[in-house]
J.: 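Quick one: structure below, then a few questions.
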2 protein chains.
Amino acid sequence: MRSLLVHETLRDAAYQYESTPVVSSAVTYTYGSIYERTVRLADSLTRLGIRRGTMVGVMDVNSHRYFELHHALSMVGAVIHTINFRLSPQDILWTIGQAHDEWLFLWNGFGTLTDVVAPACPHVVWMSEAAGPDREPDYETLVAEGRFRVPDIAGTIAPSDVYSVFYTTGTTGRPKGIRYTHQQMLSGALQIAHALALQDTGANLTGSDVIMPLIPFFHIHGWGVPFIAPYLGAPLVLPERSGPEEQVELIRQHEVTWSNMVPTQLFMLLEATSDPLPLKVLTGGSPLSSGLARQADRQGIQFSLIYGGSDQLGSAISAAPGLTGPQRLDALGSRLTPFPMVRMEVRDSAANQVPSDGATLGELWIQSPWLPDGYLDNPEASDAAFVGGWFRSGDLAVRYPDGQISVMDRIKDAIKSGGEWVAGSVIESIISELPGVHSVAVIAIPDARWGERPKAVIAAGSGVDADRVQQALSRAVDEGRLAKFWIPDVMEFVESLPMTSAGKINKTQLRNASR
Amino acid sequence: MRSLLVHETLRDAAYQYESTPVVSSAVTYTYGSIYERTVRLADSLTRLGIRRGTMVGVMDVNSHRYFELHHALSMVGAVIHTINFRLSPQDILWTIGQAHDEWLFLWNGFGTLTDVVAPACPHVVWMSEAAGPDREPDYETLVAEGRFRVPDIAGTIAPSDVYSVFYTTGTTGRPKGIRYTHQQMLSGALQIAHALALQDTGANLTGSDVIMPLIPFFHIHGWGVPFIAPYLGAPLVLPERSGPEEQVELIRQHEVTWSNMVPTQLFMLLEATSDPLPLKVLTGGSPLSSGLARQADRQGIQFSLIYGGSDQLGSAISAAPGLTGPQRLDALGSRLTPFPMVRMEVRDSAANQVPSDGATLGELWIQSPWLPDGYLDNPEASDAAFVGGWFRSGDLAVRYPDGQISVMDRIKDAIKSGGEWVAGSVIESIISELPGVHSVAVIAIPDARWGERPKAVIAAGSGVDADRVQQALSRAVDEGRLAKFWIPDVMEFVESLPMTSAGKINKTQLRNASR
């Protein structure tokens, strides 16, 4: 009997799509040759003593080696901890300690960070073409010296075995660890591909697409690409470390048709070229402003929004069934359809569903077959977020009569003015449409009368001032896009906005600075 | 936590696609109202004593009631035995006995068969609008009297619980029973929808399609439609008992865009109208002759072939990536792509893989996450078919260099001439292209010199004779479509060919008559 194990997707790709290319920077492999390298690596791993349940931290950019490790560690039953190298060094070391990593697979291209992290583990494998004499064992030697023979241990792994551990990138406190089994990870990741194929989205995905993941593998495994690409048999391009200009070049050179990225990456990609860039993009992680959506559309990018997170995997996708033109663009930028088998409810503070009227705000509760049990060694946070088989997302949302959902804000970032929710993201979206606005955040500031009031912090060119923003917001009120009391009382113009390691605007920092 | 349980698909549809229509003959429901009826029914079932593990036989045409039972029985944890009413009465009674059915849900429209079957079980529920005084309890009363409250027992059901039992329709010996769990049935059935969405087929399927299942629910649950339709939120039209003319009328009236049927049903549908019939059709169960494929194409039907069976569920779909015109038609009629997560190998008698050269015949071995454990109380047949986690399909196939597969024949129907396989289906396909040929079967007849030789049995109009068939086959040899030694030695012309209960040509009967 075969079961839902991560490496089965690569085994199938090697059999069914043997000669389909897997490109990593300068080198072109195939699913056939990558599978052989992976099996050889797995054989060497067993001889190092890496086996079922061994904790293995990996810190690398999106390379073919990282892709191979996703499957080789699965094959020997080890647990992959995908280390977020954008955390602070202290937090990185803390996550390695909390995950109890016994081995580190470490790319030596992180400069001083490499030297800081290496001593955190008893055993290090160096990931590079030529690691140097003091950096052994090195990855390529393990591949070269392994036998092309699937380890016996592969037959003992169950879908309910833990496959991976990774960490949230919360803006307050320590990162929170989450564990997923093979079954949870595969069913969740593959449902992204199914939802994209079944819904009318801007980022539909089939085996004919050429996929380049720009979401780092440490973020929920690059939103599942290491499993989705072989599952579909789709050609895969791994960008390794690359800037926006190089990414544009990779897209043109390898005829990439599908990519994923957060809005900030999309913005930088569009800054890097003024030419059309025909590409299907799955984006998410933070709201897509309508200004950026329109710019992407002008340059020929079709997009869809994914909704999810480290503690729930993917749950919904933006869809625009039958819509065209600006209506389609708006729907794809905001209207979420739950994945099949995912239940999403918008609930008030007493946990009762709010009316599906597209207006009443509430917290988004989620139920899916791949929800984790809770956070790693953190019963308090687990009890708060995982309640009776549901995940409380902490997101503020509305539900429409047709069952679609719009996420408005993080509850902790939302503003409560006179007892009413103000969705900062809606205000941000309207301000972002103004030409010359680079980025904007709307945050809560304390107010004696109303409790809280909104404040806009804007990074913009010299042509944008408070009057112009005020005019745009008043027009939005006239058009019915905004409630009048949502207009921020205070506007501050800054050079740039502070970002988190996940590429999101750091609202906590902004809020603290405004108190 | 939510898990893969059959009735979750209907619960989700009622929540997410509440007002989407479910049409059953004269009545139009919605997923919302059907779900309410289903919950009320489930509540009544518990009061009848039907609970987790209770065996329940159902004998009905494809009605909304049968659809509801698929989910109500899931909700109380009972096991549904979908009774094949096309078996002989003796075999029907035998399957009811072997499955240990405690309850029968029986439509009273089967005439004398109803009266024969009813006494086989201690408890009968009558399925009809008005069952009459001597036929109680009746289904509609159970629905009317149940409370709209999901039974508590629903919370105790596990994905590894058995969900259904049904029987193969073998041409020799007793039918063989197979059991599937919720997890197996759902993951297998839903993968049909995923494969159709991910591959370039002629029968792609999304939530925008209007689905009418013409495969009876007793055949592998109508190839999964009772689960697929709510999973996609697609409008559903249930044909109940209807002939080809009525089916054409239902298609036009409800703007049906997607259906499934065996080739014989497709043939009859096309006979019933000479007008174009724009429709996506998933067909399978027996080979689609190229003659029928061309006729379907002329009338505007797009089709795809599904490969599978009662003892493996669905495993592959015909796809024609990037092909157009006649090439596309040929590929969709014969070239199978395994579903994602399905492994298909073509093996020789020593169980070694044959070359993937598109020519070497071997037996098709299958591995998938939803394979059953074996046949019900039939260790001999189980041991022969289920070997080391693989299912030996008993089908003769070739594998092409691109990994696609063509199934040529059942091994037991194939002909071995001078030690070489002869694929009767290829010969049948060529003969079927001749205008005036209604149906054709090529079978093995004993031969002193070669062991076996092929014989063609042909039902055709008066314009077709042995000379014309001989010419067509010789032309096919010249075109490289046929090996010369495959040309049948004997041709017999008949009025019509004998059929099995599954609508397949009964080759066993033909072979026995020719010995």
Side-chain angles (χ1 to χ4, degrees), chain A residues 1-5 8-9 11-13 15-19 155 159 183 186-187 190-191 193-200 204-208 228 230-233 319 321-322 337-338 340-345 353 356 366-373 386 388-391 401-404, chain B residues 1-5 8-9 11-13 15-19 155 159 183 186-187 190-191 193-200 204-208 228 230-233 319 321-322 337-338 340-345 353 356 366-373 386 388-391 401-404:
Chain A
M1 199 72 57
R2 84 183 323 207
S3 45
L4 282 178
L5 301 173
E8 293 286 353
T9 59
R11 189 169 82 98
D12 280 358
Y15 178 66
Q16 200 62 35
Y17 308 100
E18 185 181 358
S19 56
Q183 165 112 27
L186 265 194
S187 56
L190 302 181
Q191 201 75 332
H194 300 152
L196 284 169
L198 291 169
Q199 298 289 342
D200 180 9
N204 74 301
L205 178 60
T206 75
S208 309
I228 292 171
Y231 177 80
L232 298 175
T337 301
M341 299 305 290
V342 174
R343 176 105 166 186
M344 293 179 126
E345 295 184 359
Q353 289 192 57
S356 296
I366 292 158
Q367 218 181 30
S368 74
W370 45 83
L371 278 189
D373 296 336
F386 296 92
W390 291 81
F391 172 62
D402 66 1
Q404 290 193 328
Chain B
M1 200 71 58
R2 85 183 322 206
S3 44
L4 282 179
L5 301 174
E8 294 285 352
T9 59
R11 189 170 81 100
D12 280 359
Y15 178 66
Q16 200 63 33
Y17 308 101
E18 186 183 356
S19 57
Q183 166 113 26
L186 265 194
S187 57
L190 302 181
Q191 202 74 332
H194 300 152
L196 284 170
L198 292 168
Q199 297 289 341
D200 180 9
N204 74 302
L205 179 59
T206 75
S208 309
I228 292 171
Y231 176 80
L232 297 176
T337 301
M341 299 305 291
V342 174
R343 176 106 165 185
M344 292 178 127
E345 294 184 359
Q353 288 191 56
S356 296
I366 292 157
Q367 218 180 31
S368 73
W370 46 82
L371 277 189
D373 296 336
F386 297 91
W390 290 82
F391 173 62
D402 65 1
Q404 289 193 329

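Reminder, nothing fancy here: chain letters follow the sequence lines and each chain counts from 1.
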J.: Which pair of heavy atoms, one from A/Gln16 and one from B/Gly403, lies closest together, and at what distance?
T.: NE2-O, 2.7 Å

J.: For a 4.5 angstrom cut-off between non-hydrogen side-chain atoms, does A/Gln183 reach B/Gln183?
T.: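 Yes, side chains in contact.
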
J.: Can you check whether A/Met344's main-chain N or O pairs, donor with acceptor, with B/Tyr15's side chain at less than 3.5 Å?
T.: yes

J.: Would you compute the distance between atom CE of A/Met341 and atom OG of B/Ser3 and round it to the nearest 0.5 angstrom?
T.: 8.0 Å

J.: Does any heavy atom of chain B fall under 4.5 Å from the side chain of A/Thr337, the backbone, both, or neither of them?
T.: side chain

J.: Can you find a heavy atom in the side chain of B/Val342 that is under 4.5 Å from one in the side chain of A/Arg2?
T.: no

J.: Check whether B/Asp402 gets within reach of chain A through its side chain, its backbone, both or neither, counting any heavy atom under 4.5 Å.
T.: backbone

J.: Output, in order, the C-alpha distance, side-chain angles, deciding distance and verdict of side-chain contact (heavy atoms from CB on, under 4.5 Å) for B/Thr206 and A/Gln199.
T.: CA-CA 7 Å; B/Thr206 75; A/Gln199 298 289 342; over 6 Å; no

J.: Measure A/Tyr17 against the heavy atoms of chain B and call it side chain, backbone, both or neither at under 4.5 Å.
T.: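 The answer is the side chain of A/Tyr17.
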
J.: Quick one: what part of A/Leu232 sits under 4.5 Å from any heavy atom of chain B, side chain, backbone, both or neither?
T.: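 Side chain only.
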
J.: Provide the closest heavy-atom pair for B/Ala193 versus A/Leu198 in the form atom of the first, atom of the second, distance.
T.: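 B/Ala193 and A/Leu198 have their closest heavy atoms at O-CD2, 4.2 Å.
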
J.: I need the residue from B/Ser356, B/Pro338, B/Gly322, B/Ser19 with the largest number of non-hydrogen atom pairs under 4.5 Å to chain A.
T.: B/Pro338

